[in-house]
Enquirer: 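Dumping the structure here so I can ask a few things about it.
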Amino acid sequence: MGASEYTDEEYETLQTSKREIAGNEEPARIVDVRVGASTARLTLEFDWKDGREIAEFDLDSERDVMELKTLARGLGYDYDHLPYLEGETVTAVYLDGEWVPAATLPDTGQDVFGDVPASRPTPLSRAYRAATGRVGDLSTNKLLIAVIVFKKLLIASAVVYLLVA
């Protein structure tokens with residue numbers, strides 16, 4: 001059977017079975033971070049797979065909290081900034097039928113990042129992330145209206161300045 005005779009589903013199944021072997025490491029992008037009252041959930045996306053995988057952590061478990069702290073620190077964030085992990089790329093390991101970030105594993109945790117201390121986000125980068133997060137919630141129409149209103153206020157203040165001066 002030639003490669004051209006495979007269906008997309010068969011090809012994806014073969015690719016998945018090739019990669020989903022215990023201990024295999026693959027790059028994954030964190031596409032969603034949800035922090036609830038008792039759990040934190042990271043949604044991982046792979047470029048070779050259509051679906052997404054969920055890594056769930058129990059916030060009442062000291063071990064899981066330490067794993068999340070290690071993961072966040074390895075990416076240059078504090079534990080309190082877990083939502084900022086969204087969009088970051090991590091190495092995921094396939095274990096016990098699920099994908100988990102490699103930094104959360106006991107034997108690879110801190111050693112993955114060497115002796116280099118994690119760089120903390122600067123106040124400017126935090127402000128930038130906060131601003132882009134707020135702007136990202138705006139729709140295009142709202143943004144256009146805000147620009148028009150800002151221009152009108154700018155023109156009105158210039159006219160008032162010329163009248164007073």
Side-chain angles (χ1 to χ4, degrees), residues 8-147:
D8 290 340
E9 186 177 323
E10 289 172 330
Y11 182 75
E12 184 180 329
T13 301
L14 290 173
Q15 287 297 312
T16 301
S17 66
K18 181 173 86 173
R19 290 190 161 108
E20 290 185 343
I21 297 173
N24 189 31
E25 295 182 358
E26 293 285 337
R29 193 167 66 88
I30 300 173
V31 293
D32 188 37
V33 178
R34 301 280 179 182
V35 180
S38 62
T39 60
R41 183 178 300 182
L42 306 179
T43 305
L44 305 174
E45 181 179 71
F46 299 91
D47 60 354
W48 52 269
K49 186 176 184 176
D50 284 338
R52 295 177 172 179
E53 296 288 330
I54 295 175
E56 196 165 313
F57 299 89
D58 181 10
L59 298 178
D60 295 327
S61 165
E62 289 181 25
R63 188 193 84 216
D64 285 3
V65 170
M66 289 304 296
E67 289 174 356
L68 282 170
K69 284 182 180 181
T70 302
L71 177 64
R73 185 176 187 283
L75 293 171
Y77 297 95
D78 289 332
Y79 173 70
D80 299 340
H81 299 118
L82 283 178
Y84 292 128
L85 298 181
E86 199 168 299
E88 296 285 344
T89 301
V90 296
T91 300
V93 178
Y94 190 75
L95 294 174
D96 296 329
E98 64 183 4
W99 290 94
V100 294
T104 63
L105 299 177
D107 57 335
T108 59
Q110 292 290 349
D111 297 334
V112 168
F113 307 105
D115 294 334
V116 179
S119 59
R120 298 177 60 116
T122 64
L124 182 60
S125 67
R126 288 180 182 158
Y128 175 76
R129 284 190 184 109
T132 56
R134 289 188 192 108
V135 170
D137 293 339
L138 294 176
S139 68
T140 306
N141 289 339
K142 289 181 181 177
L143 187 61
L144 285 173
I145 291 170
V147 168

Enquirer: Of all heavy-atom pairs between L44 and P101, which one has the smallest distance, and what is that distance?
Expert: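 Smallest heavy-atom distance, with atoms named: CD1-CD, 4.5 Å.
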Enquirer: In Å, rounded to the nearest 0.5 Å, how long is the span from NZ of K69 to CG of D80?
Expert: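 Going from the NZ atom of K69 to the CG atom of D80 covers 8.5 Å.
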Enquirer: Taking all heavy atoms of V33 and all of E86, pick out the closest pair and write down the distance.
Expert: N-OE1, 3.4 Å
Enquirer: Could you state the interatomic distance from CG (L42) to CD1 (I30), rounded to the nearest 0.5 Å?
Expert: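 Here the rounded value is 5.5 Å.
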Enquirer: With rounding to the nearest 0.5 angstrom, report the CZ to NE2 distance, R73 to H81.
Expert: 15.0 Å
Enquirer: Give me the atom names and distance for the closest heavy-atom approach of A72 to L82.
Expert: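 Closest approach of A72 to L82, heavy atoms only: CB-CD2, 4.2 Å.
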Enquirer: Got E62 and D64 here, is their nearest side-chain heavy-atom distance under 4.5 Å?
Expert: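 A side-chain contact is absent here, since even the closest heavy-atom pair is not under 4.5 Å.
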Enquirer: What is the distance from atom CH2 of W99 to atom CD of E26, rounded to the nearest 0.5 Å?
Expert: 5.0 Å
Enquirer: Search all heavy atoms of V93 against all heavy atoms of A102 and return the closest pair with its distance.
Expert: CG2-CB, 3.6 Å
Enquirer: Can you name the residues that form a salt bridge (Lys or Arg N to Asp or Glu O under 4.0 Å) with E45, not counting sequence neighbours?
Expert: R29, R52
Enquirer: Under the ring pair (Phe, Tyr, Trp, His ring centres under 6.0 Å) test, which residues partner F57, sequence neighbours left out?
Expert: none
Enquirer: Mind checking the OG-CE spacing from S61 to M66? Nearest 0.5 Å is all I need.
Expert: 11.0 Å
Enquirer: As a test of understanding, state which of L59, V35, L85 forms a side chain to side chain contact (heavy atoms under 4.5 Å, CB included) with L68.
Expert: L59
Enquirer: Any donor-acceptor pair under 3.5 Å linking the side-chain atoms of E88 with those of Y77?
Expert: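 Yes, side-chain donor-acceptor contact under 3.5 Å.
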